[in-house]
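Here is the naming used below: chain letters follow the sequence lines, and residue numbers restart at 1 for every chain. Side-chain atoms are counted along with the backbone in the values below, which use heavy atoms only and exclude waters and symmetry mates. In this text the structure is predicted, and so the values were computed from the model without any measurement.
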Amino acid sequence: MPELPEVEVVTRSLKKTVKNRKIIKIIVNNRNLRFKLQKNFKQILKNKIVKDIKRKSKYIIFDFGNHFYTILHLGMSGTLHIPSKKKVTNLSFYNNPNMPKKHNHVIIFFDKINLVYNDPRRFGYFKVIKNKHDFDNYFTRIGPEALDKEFNLKYLKNKIKYRKKNIKNFLLDQKIVSGIGNIYANEILYKSQISPMRSVGKLSSTELYKIIKFSRTTLKEAIKFGGSSIKDFKSVSGGGGNFQTKFNVYNRENQRCTKSKCKGIIKKSYISNRSTFICNLCQI
DNA sequence: CCGTTAACCTGAGAGC
DNA sequence: TGCTCTCAGGTTAACG
């Protein structure tokens, strides 16, 4: 489900809702997430106070102070929500309305507020980290995120050397640049007017610069619109984002290119089993 | 080292 | 109505 903008939106709402709150208790209904939840997960987090909430690419970080953290990755279908007594918030694409609590795997009880982790496909996971070394080490596996200054022309030029990978898979490779997923890779390449099939080694500096620029602007704009809600993305309070109304190519198969004067039709294909949308006339 | 594929999961929607 | 099949916003082990 979530790429950088959606995770950012969730992180911002967590800052407003659970920051500085104390965990009273935790209920674990299903430990079998992508990685099995450690046995003492409940005990180890009990009575901890959330000092801060941070985000690193697609990871949400609960910072408890003293280099004690819990990292959460939402996978494809993970959502966090705070149930309200007034309205039903858990009605995502994947949830059977008759059994809305079926995939509520972890419930964190704060004073006054409960935070529910729901994840039908269970590709998401929590990881508890207890020291600075492990924390820093955890993120060495991923490259700079697309909004970082480190993700610049010099960095990119160095990374593409001697490589034949196509630009779409390159943008999706979190070791190269982190935070971009399938929706935004499609949108960024459309705005850059570059075909997703192009080999990275053959891209010009101008083209690389466009990719960097549009990565930043596209992700930032998506954040401004509250992320993209295709099927089940919801913010913590239950509202969806609106960036899907801004899509130029994603999910727009057989529709007209959004650029005025362009007669192109958006075509769908697959690259490494991921759906890929392009305007044949705009993207070369 | 590099690039690609399969696998991990559940459920909605399409087609028959 | 119901069955089967495909697809979904992510990651990564395993393979050639």
Side-chain contact check for K165(A): nearest option of dG11(B), dG9(C), dT4(B) is dT4(B)
- Any side-chain donor-acceptor pair under 3.5 Å between K157(A) and S205(A)? yes
**Message:** Classify N169(A) by what it touches in the nucleic acid, base, sugar-phosphate, or nothing, heavy-atom distance under 4.0 Å.
**Reply:** sugar-phosphate
Is the ring of F123(A) stacked on the base of dC8(B), with centres less than 5.5 Å apart and planes under 30° off? yes
Rounded to whole Å, CZ of R31(A) lies from C1' of dC9(B) at a distance of 18 Å
Atom CG of L4(A) and atom C1' of dG10(C) are separated, to the nearest Å, by 14 Å
- Would K168(A) and T276(A) count as having a side-chain donor-acceptor pair, cut-off 3.5 Å? yes
dG9(C) -> Watson-Crick or G-U wobble partner, both distances under 3.5 Å, gives none
note: L172(A), atom CG; dT5(B), atom P; distance rounded to Å ~ 14 Å
If you compare every side-chain N and O of R163(A) against the phosphate oxygens of dC1(B) (OP1, OP2), does one of them come in below 4.0 Å? no
field: OP1 or OP2 of dG10(C) under 4.0 Å from side-chain N/O of R274(A)
entry: yes
- Query: Between dG10(C) and Q174(A), is there an OP1 or OP2 to side-chain N/O distance shorter than 4.0 Å?
  - Reply: no
Next on the checklist: Using only modelled atom types and a 3.5 angstrom limit, is any donor from either the side chain of R122(A) or the base of dT10(B) paired with an acceptor on the other?
Outcome noted: no
### Query
Between dT10(B) and H103(A), is there an OP1 or OP2 to side-chain N/O distance shorter than 4.0 Å?
no
OP1 or OP2 of dG9(C) under 4.0 Å from side-chain N/O of Y184(A): no
(Q) Measuring to OP1 and OP2 of dT10(B), would you say a side-chain N or O of K102(A) lies under 4.0 angstrom away? (A) no
The Watson-Crick or G-U wobble partner of dT4(C), with both key distances under 3.5 Å, is dA14(B)
Taken to the nearest whole Å, NE2/H105(A) to P/dC9(B) is 12 Å
* Contact class for Y270(A) vs. all strands (heavy atom < 4.0 Å): base, sugar-phosphate, or nothing? -> sugar-phosphate
**Asked** Does K58(A) make a side-chain N or O approach to OP1 or OP2 of dG10(C) shorter than 4.0 Å?
**Response** yes
Notebook entry, point to check: Taking the same atom, P, in dT12(C) and in dG11(B), what whole-Å distance lies between them?
Noted result: 24 Å
N118(A) CG to dT10(B) C1', in whole Å, measures 11 Å
Check your understanding: Taking atom types as modelled, is there a side-chain donor on S228(A) or Y250(A) under 3.5 Å from an acceptor on the other?
Key -> no
For I223(A) and P5(A) the tightest heavy-atom approach is CG1-CA, 3.7 Å
Phosphate OP1/OP2 of dA8(C): any K268(A) side-chain N/O under 4.0 Å | yes
R34(A) CZ to dA7(B) C1', in whole Å, measures 9 Å
Whole-Å distance, Q244(A) CD to dG9(C) C1', equals 12 Å
Looking at S275(A), does any N or O in its side chain come under 4.0 Å of the phosphate oxygens OP1/OP2 on dA8(C)? yes
Separation of dA8(C) atom C1' from D119(A) atom CG, nearest Å, is 13 Å
Point to revise | Contact under 4.0 Å: R121(A) side-chain N or O vs dG11(B) OP1/OP2 | key: no
dT11(C) OP1/OP2 closer than 4.0 Å to side-chain N/O of K175(A): no
When Y69(A), F62(A), F41(A), Y59(A) are each screened for ring-ring contact (aromatic ring centres under 6.0 Å, His included) with F126(A), the one that passes is F41(A)
Counting only heavy atoms from other residues, nucleotides and ligands, does the tally under 6.0 Å from OH of Y209(A) exceed 12?
no
